[in-house]
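Presented below is the structure to which this report refers.
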There are 2 protein chains.
Amino acid sequence: MKRKTFGPVTSQQVAQIAGVSQSAVSRTFTPGASISPATREKVLKAARELGYRPNAIARSLNTARSRIVGVVMSYFDNQFYPQVLEALAQKLDELNYHLLLFVGDRDGNVDRIFDQIMQYRVDGIVLASVSLSIELSEECLAAGIPVVLFNRDDENGIVSSVNTDNEAAARQIAEFLLAGEHQRFAYVAGIADSSVNIARQAGFVSTLRSKGVEDIRVVQGNYDAQQTSRAARELFSSPQPPDAIFAANDHMALTVMDIARYEFGLRIPDDLSVIGYDDTGPSGWPSYALTSASQPVDEMVSATVALLMKQIESENIEPEQLVVKGALIVRHSARRPRSGVIEKDGLSLFQPQEVE
Amino acid sequence: MKRKTFGPVTSQQVAQIAGVSQSAVSRTFTPGASISPATREKVLKAARELGYRPNAIARSLNTARSRIVGVVMSYFDNQFYPQVLEALAQKLDELNYHLLLFVGDRDGNVDRIFDQIMQYRVDGIVLASVSLSIELSEECLAAGIPVVLFNRDDENGIVSSVNTDNEAAARQIAEFLLAGEHQRFAYVAGIADSSVNIARQAGFVSTLRSKGVEDIRVVQGNYDAQQTSRAARELFSSPQPPDAIFAANDHMALTVMDIARYEFGLRIPDDLSVIGYDDTGPSGWPSYALTSASQPVDEMVSATVALLMKQIESENIEPEQLVVKGALIVRHSARRPRSGVIEKDGLSLFQPQEVE
DNA sequence: CTGAAAGCGCTTACAG
DNA sequence: CTGAAAGCGCTTACAG
């Protein structure tokens with residue numbers, strides 16, 4: 001078998017120059033390994049000379065730990081996800097883990113991607129805006145690979161998840177709009193069978209119903225700008241258009257606002273109130289000033305990474321469903337109720353049941 | 001040495017069940033390898049039973065090809081970059097390559113990240129909004145790892161790059177604003193020593209100067225929303241505020257627009273024209289309708305991937321500086337000149353020198 | 001077409 | 001603390 005003599009420097013070459021064994025080189029680059037300062041110095045000197053870097057791939061093969069976390073993500077046009085990705089990459093990096101990125105098909109088919117992820121023997125998997133079939137969940141469990149669903153629930157309870165309390169937040173949004181004395185409600189739904197959509201829709205609609213509201217329309221935005229535009233036009237073209245809209249995420253809420261203002265000449269919040277979910281970047285821009293239920297990216301990501309690490313290190317995968325606390329951030333896209341809005345850390349929040 | 005008996009299935013185990021050699025298993029999963037249909041079937045059957053997936057890490061060690069491309073990216077709040085990332089991940093995936101993501105420090109220090117990337121023996125590197133020291137460039141060259149700077153130039157000419165023609169586009173923007181009969185100009189600069197900022201500033205300022213314009217202010221936005229806000233306030237608070245602003249990217253341009261409208265009550269484009277660079281998502285939203293020099297993400301990414309693949313496969317790293325053609329997309333954030341704006345594919349473009 | 005075997009670049013028990 | 005050696009899970013010349 002021919003072997004090329006150039007290419008990246010190996011520990012063997014360093015050993016030769018340093019006049020020590022290859023094991024000594026390895027130990028020098030293994031934190032906590034038993035090596036004398038003198039040997040260590042010799043090795044480091046030779047390594048520096050040759051420009052040696054340990055081969056992480058070879059190390060992985062030995063340790064059965066790749067220090068790679070596979071991440072599947074979609075919806076990059078919804079700023080929530082890039083923000084999550086940035087935070088994830090940074091937090092993993094701090095722990096000396098690395099992030100192998102996969103873009104999910106919008107049709108939610110993860111099988112092909114999954115195969116790729118598994119081939120790289122990742123130590124953990126984060127699925128953002130993707131759900132996992134029972135078969136694949138069980139395969140991960142069997143293989144000992146922790147999986148965290150980010151912003152999606154696992155209805156089977158096999159893998160872990162990190163979410164905000166979608167249903168509670170949606171209930172609060174309904175109460176906020178009711179307190180603002182709105183009359184005609186609409187919900188712009190995300191993909192119908194996504195867990196967060198189900199929870200948000202249920203919380204919103206059930207709360208309105210329980211207060212005797214009958215005028216509730218549901219249209220499908222499906223987390224897509226085009227479809228949301230169409231849905232919004234449909235709403236605003238109807239004889240009695242809604243005066244209060246909750247969109248299942250900010251990205252759709254912003255689209256609804258633009259259609260309302262620029263195609264139908266509606267004033268926000270005078271003619272129409274709009275509320276979103278995520279509290280992502282553009283929602284805070286003055287052009288929108290969107291009132292929105294927050295999903296605290298840093299906390300959610302920290303929880304995700306902590307969970308992953310715990311499971312990787314313990315080699316014991318006990319699925320956990322984590323819920324991170326969000327808040328209803330009140331800005332100017334929705335008429336404010338007379339009471340219940342408080343100021344905190346420079347933000348306005350809706351906290352009606354706050355008792356002193 | 002103890003070896004655990006559980007964990008991922010190995011080719012050895014498949015071989016045993018299938019009643020063939022381990023080599024036969026390997027060949028079954030190596031496209032183009034010499035294997036009889038009968039053996040192949042036996043192997044596939046056993047593999048299916050056991051849930052076998054080839055170990056990409058082990059394969060990498062043999063082939064000296066990880067099929068991983070390292071990507072360093074920052075500025076996730078500027079939608080241009082998430083869009084680039086999504087396209088990159090998708091295009092690489094189509095070629096059965098994978099994307100290891102690193103978040104660049106805003107201070108542009110890539111050394112620590114670089115060490116990580118190299119340890120994973122990536123087959124190629126894409127640096128978005130990051131530049132590379134001569135030392136590291138040469139190390140990559142020596143190691144035979146192709147590097148593409150994305151949206152940054154390599155002043156040393158050691159590594160490749162993919163850009164639009166920043167200087168030409170900036171000249172065109174100056175001409176557009178001159179043709180619109182603006183009087184007082186300002187440039188909101190990105191990080192002063194970033195190659196794209198240098199080119200955009202040079203093209204803009206030199207063109208204005210050559211036409212006798214003296215009233216040109218330059219303020220630093222440094223690709224940062226906070227700093228851009230401050231810079232914008234400074235401009236609008238001055239006795240003779242500008243009536244035409246070119247911001248080095250869309251993200252800063254949008255911030256400038258918000259400050260102008262909501263803090264200073266300026267009407268756009270009546271009181272003020274704003275132009276950006278990137279033509280990224282939010283620029284097309286009706287609330288902004290930003291006139292902007294486009295950077296065609298798909299073409300730039302395709303060019304990047306093609307370049308990378310060529311260099312990986314040829315094992316010959318000849319640096320190339322690619323320039324992708326953009327256009328000045330005319331919307332409503334800047335007063336239009338009387339002539340020079342043409343319609344094409346549903347977009348308005350500025351093409352003054354177009355001769356029939 | 002097939003199998004035995006060497007080797008990829010490391011880690012890590014083992015014996016000293 | 002150190003080195004020789006086995007082994008991680010594959011690929012691939014080699015000989016048949």
Side-chain angles (χ1 to χ4, degrees), chain A residues 1-43 46-47 50-67 118-123 143, chain B residues 1-43 46-47 50-67 118-123 143:
Chain A
M1 206 177 251
K2 290 241 187 71
R3 288 291 150 190
K4 57 180 179 189
T5 55
F6 85 114
V9 182
T10 69
S11 59
Q12 186 59 61
Q13 294 169 40
V14 176
Q16 198 149 31
I17 300 288
V20 299
S21 72
Q22 182 271 331
S23 320
V25 177
S26 175
R27 290 198 181 96
T28 299
F29 290 94
T30 304
S34 142
I35 188 103
S36 73
T39 312
R40 192 185 149 74
E41 274 318 310
K42 279 194 287 187
V43 170
L50 297 176
Y52 171 72
R53 296 179 207 272
N55 182 332
I57 300 275
R59 169 177 290 164
S60 296
L61 199 56
N62 276 290
T63 58
R65 287 261 170 268
S66 61
R67 300 196 80 86
M118 296 301 273
Q119 290 196 13
Y120 275 92
R121 298 298 190 263
V122 297
D123 291 343
Chain B
M1 204 175 250
K2 291 239 186 70
R3 286 293 150 188
K4 58 181 178 191
T5 55
F6 85 112
V9 182
T10 68
S11 59
Q12 187 58 62
Q13 294 169 38
V14 175
Q16 198 148 30
I17 299 290
V20 298
S21 73
Q22 182 270 331
S23 322
V25 178
S26 175
R27 289 195 181 99
T28 299
F29 291 94
T30 304
S34 144
I35 188 103
S36 74
T39 311
R40 191 185 151 75
E41 274 317 309
K42 279 194 287 189
V43 169
L50 298 176
Y52 172 71
R53 296 178 207 271
N55 183 331
I57 300 276
R59 170 177 290 163
S60 295
L61 199 57
N62 277 289
T63 58
R65 287 262 171 268
S66 62
R67 300 197 80 86
M118 297 300 273
Q119 291 196 14
Y120 274 92
R121 300 296 191 263
V122 296
D123 292 343

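A note on names: the letters A, B, ... follow the listed sequences, proteins ahead of strands, and every chain is numbered from 1. Everything numeric here is computed off the predicted structure, so don't read it as measured data.
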Tell me which nucleotide among [options] gets nearest to the side chain of [X].
X      : options                 : value
S21(A) : dC1(D), dA4(D), dA4(C)  : dA4(D)
V20(B) : dG9(C), dC10(D), dG3(C) : dG3(C)
S23(A) : dT2(D), dG3(D), dC10(C) : dG3(D)
S36(B) : dA5(D), dT2(D), dC1(C)  : dC1(C)

In whole Å, I'd like the distance from the [atom1] atom of [X] to the [atom2] atom of [N].
X       : N       : atom1 : atom2 : value
Q22(B)  : dG3(C)  : CD    : C1'   : 10 Å
M118(B) : dC10(C) : CE    : P     : 13 Å
N62(B)  : dC10(D) : CG    : P     : 10 Å
I57(A)  : dC8(D)  : CD1   : C1'   : 13 Å
L61(B)  : dG9(D)  : CG    : P     : 12 Å
Q13(B)  : dC8(D)  : CD    : C1'   : 13 Å
R65(B)  : dG9(D)  : CZ    : P     : 24 Å
R67(B)  : dC8(C)  : CZ    : P     : 22 Å

**Message:** Taking the side chain as everything from C-beta on, heavy atoms only, tell me whether S60(A) gets closer than 4.5 Å to R67(A).
**Reply:** no
**Complete:** Only residue of T10(B), I17(B), V14(B) satisfying side chain to side chain contact (heavy atoms under 4.5 Å, CB included) with V25(B) is V14(B)
**Phosphate contact (dC10(D) OP1 or OP2) by Y52(B) side-chain N/O below 4.0 Å** = yes
**Prompt:** Is the backbone of R121(B) close enough, under 3.5 Å, to the side chain of S66(B) for a donor and an acceptor to pair up by distance?
**Reply:** yes
**Fill in**
Hits for side-chain hydrogen bond (donor to acceptor under 3.5 Å, both in side chains) against T28(A), two or more places apart or cross-chain, chain-then-number order -> none
**Contacts of type side-chain hydrogen bond (donor to acceptor under 3.5 Å, both in side chains), residue Y52(A), not counting sequence neighbours** = none
**Pairwise distance CG(D123(A)) to OG1(T63(A)) - rounded to 0.5 angstrom** = 8.0 Å
**Item:** Separation between CZ of R27(A) and CD of Q22(A), rounded to the nearest 0.5 Å
**Value:** 9.5 Å
**Item:** Pairs touching residues 51-63 of chain A that satisfy salt bridge (charged side-chain N to carboxylate O under 4.0 Å, His left out), sequence neighbours left out
**Value:** R53(A)-D115(B), R53(A)-E139(B)
**Complete:** Between V9(B) and G51(B), the two heavy atoms sitting closest are CG2-O, 4.3 Å
**Request:** In whole angstrom, give me the gap between the P atoms of dC1(C) and dA5(C).
**Result:** 23 Å
**Message:** Using atom C1' in both nucleotides, what's the gap between dG16(D) and dT12(D) to the nearest angstrom?
**Reply:** 16 Å
Show which side-chain atoms of residues 30-37 of chain B pair as donor or acceptor with protein atoms under 3.5 Å away, not counting sequence neighbours.
| from | atom 1 | to | atom 2 | distance (Å) |
| --- | --- | --- | --- | --- |
| T30(B) | OG1 | S26(B) | O | 2.8 |
| S36(B) | OG | T39(B) | N | 3.2 |
| S36(B) | OG | T39(B) | OG1 | 2.7 |

**Prompt:** How do T39(B) and R121(B) order along DNA chain C: which one's closest nucleotide is nearer the 5' end?
**Reply:** T39(B)
**Prompt:** For residues 27-35 of chain A, which residues have at least one heavy atom under 4.0 Å from DNA chain D?
**Reply:** R27(A), S34(A), I35(A)
**Request:** Describe the nucleic acid contact of Q12(B) in one word from base, sugar-phosphate, nothing, applying a heavy-atom distance below 4.0 Å.
**Result:** nothing
**Request:** Represent DNA chain C in dot-bracket notation, 5' to 3'. Only Watson-Crick or G-U wobble pairs with both distances under 3.5 Å count; pseudoknot-style crossings use [ ] and interstrand partners use |.
**Result:** |||.||||||||.|||
